[in-house]
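Below you'll find the structure, written out as structure tokens, and then a few comments.
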Amino acid sequence: MLSVEFISYAYNETNVIDSISFTAKKGAHITLMGESGCGKSTLLKAIYGLLSLPKGKIFYNNTELLGPEHHLVPGHPFMKYLAQEFDLMPFISAADNVGEFLSNFYPNQKKQRIKELLEIVGMTTHAKTHVRYLSGGQKQRVALARVLAKEPEVLLLDEPFSQIDNFKKNELRYRLFSYLKKQNITCITATHDKNDALAFADNIIVIKQGKQLSVRSPQEMFANPTDQYSASLLSEINVVPLNFFKPAGEEKNILLYPHEIKLKKDSPIQFKVTASFYNGTHYLIKAELHNTSIVFYHDSFITPKTIVGVTVHKTIIEQRARV
């Protein structure tokens with residue numbers, strides 16, 4: 001088990017990560033989420049052993065992991081880290097990059113391992129292509145295959161799909177994370193993309209300005225939003241006065257997802273539509289009431305300035321009112 005215990009790190013006396021603490025069981029997939037500059041990348045570097053921590057400790061299987069001052073070559077042999085600036089050798093092929101650290105004593109096994117990894121990342125047809133001729137997304141896929149070559153026990157990924165085309169990304173996510181689960185490899189991924197987290201993470205750690213806000217499963221985090229920042233990482237979110245839907249309720253705001261707001265002709269809550277945006281399977285409707293703006297989904301275009309009645313299921317209102 002990996003255990004991160006109240007670690008902190010500062011640049012120029014400003015805390016970038018501040019007393020972060022969590023555990024990850026073997027084979028678990030943990031996702032770090034937060035806005036740019038919140039400390040996700042710094043946390044991965046700290047776990048990998050690239051930083052000297054002034055506070056806190058990190059353990060793996062009850063053995064403390066020490067920083068660069070204790071190692072001639074920073075890092076840990078059972079762990080691999082893929083940074084956003086992946087370091088490939090441009091003048092050799094994609095296959096040779098993947099197999100760079102594999103032993104030549106067993107050439108058949110090496111060849112088979114390279115083939116397997118290139119299939120996982122969808123780069124088989126570019127196996128013999130020199131890396132300098134690959135696109136950014138193709139290079140990122142080769143880098144992913146390379147960190148898996150000597151199969152690690154722990155894999156740290158920093159925005160691993162950031163340069164990959166959307167139509168390639170979904171299939172790659174499925175193949176990669178399925179492989180990691182099958183091989184029981186612990187994975188910690190830093191990402192902005194909710195799709196990296198919702199379908200594949202066991203737990204999501206939300207980080208804001210270096211501080212850890214929560215550690216929850218994707219299901220719990222989505223179903224029970226507790227703050228606007230965390231909820232907005234997974235979906236668009238509305239902040240609406242409770243007394244819109246519960247006039248006798250206390251003076252507070254509640255969080256509502258767009259799909260939770262429905263049209264109802266005779267509703268006393270009347271919003272004026274300001275815009276409709278086509279989104280493939282639905283329209284995203286923007287509307288206003290007094291100084292409150294909301295967005296919700298609808299199956300057809302609604303003309304701006306149209307007055308619409310909206311409602312939210314009573315159970316959702318009661319649940320959010322308790323937060």
Side-chain angles (χ1 to χ4, degrees), residues 4-9 14-24 28-44 56 158-159 188-246 249-262 269 271 284-297 310-323:
V4 176
E5 300 185 359
F6 303 102
I7 65 171
S8 297
Y9 187 78
T14 300
N15 274 346
V16 181
I17 52 176
D18 189 355
S19 197
I20 289 180
S21 183
F22 66 92
T23 60
H29 180 188
I30 307 296
T31 297
L32 310 177
M33 295 195 77
E35 61 190 352
S36 296
C38 72
K40 302 188 301 294
S41 297
T42 302
L43 178 55
L44 290 183
D158 195 354
E159 301 287 354
I188 303 177
T189 304
T191 185
H192 293 91
D193 191 336
K194 67 177 183 180
N195 295 311
D196 294 346
L198 283 174
F200 302 104
D202 297 307
N203 277 309
I204 297 173
I205 299 175
V206 176
I207 302 173
K208 182 178 182 181
Q209 296 178 345
K211 294 182 181 294
Q212 177 180 311
L213 294 189
S214 66
V215 182
R216 295 195 290 168
S217 72
Q219 296 85 349
E220 171 65 17
M221 183 174 162
F222 189 83
N224 300 294
T226 56
D227 64 277
Q228 184 180 0
Y229 177 86
S230 299
S232 67
L233 298 174
L234 299 181
S235 172
E236 293 186 81
I237 197 76
N238 297 292
V239 182
V240 184
L242 173 61
N243 57 25
F244 277 15
F245 302 97
K246 194 175 180 181
E250 60 184 296
E251 294 289 330
K252 66 180 291 186
N253 292 328
I254 58 172
L255 301 174
L256 297 171
Y257 294 114
H259 71 272
E260 295 173 328
I261 299 175
K262 309 296 183 183
I269 311 161
F271 277 78
L284 180 70
I285 311 298
K286 295 190 69 174
E288 291 182 349
L289 173 59
H290 304 314
N291 294 319
T292 299
S293 296
I294 62 169
V295 292
F296 60 92
Y297 302 143
V310 304
T311 188
V312 175
H313 196 281
K314 181 180 177 181
T315 303
I316 296 172
I317 297 300
E318 294 296 336
Q319 178 195 54
R320 302 295 159 77
R322 291 194 294 268
V323 175

(request) Determine whether H313 and K262 make a side-chain contact, defined as any pair of heavy atoms from C-beta on separated by less than 4.5 Å. (result) no
(message) Using every non-hydrogen atom in the two residues, find where N224 and Q319 come nearest and quote the distance to one decimal.
(response) OD1-NE2, 2.7 Å
(request) Scan residues 28-38 for pairs that pass side-chain hydrogen bond (donor to acceptor under 3.5 Å, both in side chains), counting only residues two or more places apart or in two chains. (result) H29-T189, S36-H192
(message) Nearest 0.5 Å, please: how far is CD1 in I269 from CG in L289?
(response) 8.5 Å
(message) Let me confirm one number: the CD1-CD1 distance from I294 to I237, rounded to the nearest 0.5 Å.
(response) 12.0 Å
(message) Contact between P218 and K194 at the side-chain level, heavy atoms closer than 4.5 Å - yes or no?
(response) no
(message) Check this for me: H259, atom NE2, are more than 12 non-hydrogen atoms of other residues, nucleotides or ligands nearer than 6.0 Å?
(response) yes
(request) Apply side-chain contact (heavy atoms from CB on, under 4.5 Å) to the pair E318 and K246, showing each step before the final yes or no. (result) CA-CA 9 Å; E318 294 296 336; K246 194 175 180 181; 3.3 Å; yes
(request) Keeping the roles fixed (side chain from Y229, backbone from I207), state whether a donor-acceptor pair exists under 3.5 Å. (result) yes
(request) Look at atom CD of E5 and say whether more than 12 heavy atoms of other residues, nucleotides or ligands are closer to it than 6.0 Å. (result) yes
(message) Does the plane of the ring in F271 sit parallel, tilted or perpendicular to the ring in F244? Use 30° and 60° as the thresholds.
(response) perpendicular
(request) Specify the closest pair of heavy atoms between I204 and M221, including all atoms of both residues, with the distance to one decimal. (result) CG2-SD, 3.7 Å
(message) Quick check: do M33 and L234 have side-chain heavy atoms less than 4.5 Å from each other?
(response) yes
(message) Quick check: closest heavy atoms across I30 and A24, and the distance to 0.1 Å?
(response) CG1-CB, 3.9 Å
(request) Mark yes or no for whether N203, through its side chain, and S217, through its backbone, hold a donor-acceptor pair below 3.5 Å. (result) yes
(request) Tell me, with the steps shown, if L255 and V239 meet side-chain contact (heavy atoms from CB on, under 4.5 Å). (result) CA-CA 5 Å; L255 301 174; V239 182; 3.8 Å; yes
(message) For the OG atom of S21 and the CD1 atom of I205, what is their distance to the nearest 0.5 Å?
(response) 9.0 Å
(message) To the nearest 0.5 Å, what is the distance between OG1 on T226 and CG on L213?
(response) 8.0 Å
(request) Drop me the distance from S214's OG to K208's NZ, to the nearest 0.5 angstrom. (result) 12.0 Å
(request) Would you name the heavy atoms of D193 and N195 that are closest together and state the gap between them? (result) OD1-N, 2.9 Å
(request) Could you tell me whether the side chain of S293 and the main chain of E288 form a donor-acceptor pair under 3.5 Å? (result) no
(request) Check whether the side chains of D158 and S41 place a donor and an acceptor atom closer than 3.5 Å, and report yes or no. (result) yes
(request) Give a yes or no answer on whether the side chain of K252 reaches the backbone of A321 with a donor-acceptor pair at less than 3.5 Å. (result) yes
(message) Measuring from atom CG of L43 to atom NZ of K40, what distance do you get when rounded to the nearest 0.5 angstrom?
(response) 10.5 Å
(request) Please tell me if the side chains of L233 and V206 come closer than 4.5 Å, counting only heavy atoms from C-beta onward. (result) yes
(message) In the structure I gave you, are the side-chain heavy atoms of N253 and Q228 within less than 4.5 Å of one another anywhere?
(response) no
(request) Give a yes or no answer on whether the side chain of Y9 reaches the backbone of G39 with a donor-acceptor pair at less than 3.5 Å. (result) no
(request) Could you tell me which residues satisfy salt bridge (Lys or Arg N to Asp or Glu O under 4.0 Å) with D202, sequence neighbours excluded, listed by chain and number? (result) K181
(message) For I254 versus F245, what's the shortest heavy-atom pair and its separation?
(response) CD1-CD1, 4.5 Å
(request) Check V295 against N238 and note the closest heavy-atom contact, atom names and distance. (result) N-OD1, 2.7 Å
(message) With a 3.5 Å distance limit and no angle check, can you tell me whether D18 reaches the backbone of K211 through a side-chain donor-acceptor pair?
(response) no
